[in-house]
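Before any comments, here is the structure.
Naming convention: chains lettered A, B, ... in sequence-line order (proteins, then strands); numbering from 1 in each chain.
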Amino acid sequence: MKIGENKFMPELPDVEVFKRYLDSTSLHKTIKKVEVKDKKILEKTTAKKIKSKIEGKKFNDSKRHGKYLFINLEKKLSLMLHFGMTGFLKYFKNMDDESGHSRILFTFDNGYYLSYDCQRLLGKVRLIENISDIIKEKNLGPDALSIDIHFFKDIFENKRGGIKSALMNQKNIAGIGNIYSDEILFQTGIHPKAKVNNFDEILIKELYTKMKNVLNTAIEKNANPDNFPKNFVIPQRKKDGKCPIDGVALKKIRVNGRETYFCPKHQEKL
DNA sequence: AGTACCACCTGACGGC
DNA sequence: TGCCGTCAGGTGGTAC
């Protein structure tokens with residue numbers, strides 16, 4: 001992946017792809033060396049601690065919750081990775097192939113490297129004991145792929161406010177960001193400014209189904225918009241983008257301060 | 001509770 | 001050509 005050509009916007013599907021990439025490249029190898037190249041991405045830890053806790057150990061397995069990735073090293077020791085908006089992982093053999101904004105570099109005993117790259121330094125890396133502590137501390141809701149319909153319905157119970165911010169609020173559901181919330185609303189025909197208190201049972205169920213479908217499909221396609229089905233709007237989130245269903249020009253508005261694309265013809269449900 | 005800001009950051013882009 | 005302002009987007013903080 002070339003610098004500046006990063007197609008990933010680290011929301012749930014992207015982080016799931018990172019997880020699978022990590023699992024297939026970086027597990028069960030002794031980590032000879034860890035180099036923190038920019039400590040701005042560290043949260044409640046130091047480069048020294050990262051080094052002393054990780055060197056000599058192995059990544060055993062990983063878990064994802066929302067946009068967070070947790071890599072287990074041993075009992076009571078995991079590495080938390082959050083990718084901000086420009087983060088990704090890269091596994092490579094030659095240092096010539098190191099990505100342009102490598103912030104932490106792991107060296108394995110097989111001669112390969114794993115880099116945590118984060119151009120805008122908005123990501124976070126931290127040493128933790130338990131995943132559940134972090135979910136509690138950050139007040140994260142259930143993961144969008146494992147949330148059941150009853151929890152999902154709670155988002156609409158006794159609440160006001162807009163659907164887009166409700167979907168993006170990590171305390172309600174973990175994993176959905178600006179890009180995928182647009183896709184989910186597009187697929188359900190819901191206007192991005194719709195208010196949650198107007199949602200009836202049928203629409204909530206439909207939204208739930210489409211949410212899972214959009215996220216699972218994106219993962220299946222490696223979170224690469226070039227591979228997305230023809231009826232997805234994400235590849236059209238750009239200047240002169242057209243609705244892949246109606247062919248009309250997409251509208252670009254701001255919702256809760258976020259750039260939002262929608263089809264004025266079929267996203268009418270308020 | 002919900003909204004409306006700001007800050008953190010870098011680099012791409014448009015205006016002049 | 002090059003300088004400068006603006007803005008993307010996740011999270012977290014504050015103020016209303």
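For the salt bridge (charged side-chain N to carboxylate O under 4.0 Å, His left out) test, no residue two or more places apart in sequence or in another chain qualifies with A:Lys49. Taking the side chain to side chain donor-acceptor pair (under 3.5 Å) definition, one finds that A:Lys33 meets it with nothing, sequence neighbours left out. Taking the side chain to side chain donor-acceptor pair (under 3.5 Å) definition, one finds that A:Lys269 meets it with nothing, sequence neighbours left out. Take A:Gln187 and apply the side chain to side chain donor-acceptor pair (under 3.5 Å) test, not counting sequence neighbours, and it matches A:Glu183. Partners of A:Asn178 according to the side chain to side chain donor-acceptor pair (under 3.5 Å) rule, which considers only residues two or more places apart in sequence or in another chain, are A:Lys164. Judged as a salt bridge (charged side-chain N to carboxylate O under 4.0 Å, His left out), and not counting sequence neighbours, A:Lys124 has no contacts.
Nucleotide B:dT10 holds its C1' atom 15 Å from the CD1 atom of A:Ile41, rounded to whole Å. In this structure, A:Asp38 atom CG and B:dC8 atom C1' are separated by 13 Å, rounded to whole Å. What separates NZ of A:Lys239 from C1' of B:dG14 is a distance of 12 Å, to the nearest Å. Atom CD in A:Glu259 sits about 7 Å away from atom C1' in C:dA8, given to the nearest Å. We find that CZ of A:Arg120 is positioned 10 Å from P of B:dT10, with the value rounded to whole Å.
By the 4.0 Å N-to-carboxylate-O rule, A:Lys44 lies close enough to A:Glu137 to be salt-bridged with it.
Nucleic acid contact for A:Arg103: none, since no nucleic acid atom lies under 4.0 Å from a heavy atom of the residue.
More than 12 heavy atoms of other residues, nucleotides or ligands lie within 6.0 Å of NZ in A:Lys159, so this atom counts as buried by the packing criterion.
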Let me check something: any side-chain donor-acceptor pairs from residues 209-219 of chain A under 3.5 Å, sequence neighbours excluded? List them with distances.
| residue | atom | partner | partner atom | Å |
| --- | --- | --- | --- | --- |
| A:Thr209 | OG1 | A:Lys205 | O | 2.9 |
| A:Lys212 | NZ | A:Leu145 | O | 3.1 |
| A:Lys212 | NZ | A:Ile147 | O | 2.7 |
| A:Lys212 | NZ | A:Tyr208 | OH | 3.2 |
| A:Asn216 | ND2 | A:Lys212 | O | 3.1 |
| A:Thr217 | OG1 | A:Asn213 | O | 2.6 |

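A side chain to side chain donor-acceptor pair (under 3.5 Å) check over residues 140-157 of chain A, counting only residues at least two apart or in different chains, returns the pairs A:Arg64-A:Asp143, A:Lys153-A:Glu201. Counting only residues at least two apart or on different chains, the ring-ring contact (aromatic ring centres under 6.0 Å, His included) pairs with a member in residues 39-65 of chain A are A:Phe59-A:Phe106.
Overall bending of the helix from B:dG2-C:dC16 to B:dC16-C:dG2, expressed as the angle between end axes built from five pairs apiece, is 50° (10° steps).
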Treat primed atoms plus P, OP1 and OP2 as sugar-phosphate and everything else as base, then score nucleotides 10-16 of chain C 5' to 3': B for base contact with protein heavy atoms under 4.0 Å, S for sugar-phosphate contact only, - for none.
BBS----

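For the pair A:His101 and B:dG11, the criterion of a side-chain N or O lying under 4.0 Å from OP1 or OP2 is met.
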Show each protein N/O and nucleotides 1-3 of chain B N/O combination with a separation under 3.5 Å, one pair to a line.
| residue | atom | partner | partner atom | Å |
| --- | --- | --- | --- | --- |
| B:dG2 | OP1 | A:Arg160 | N | 2.8 |
| B:dG2 | OP1 | A:Arg160 | O | 3.2 |

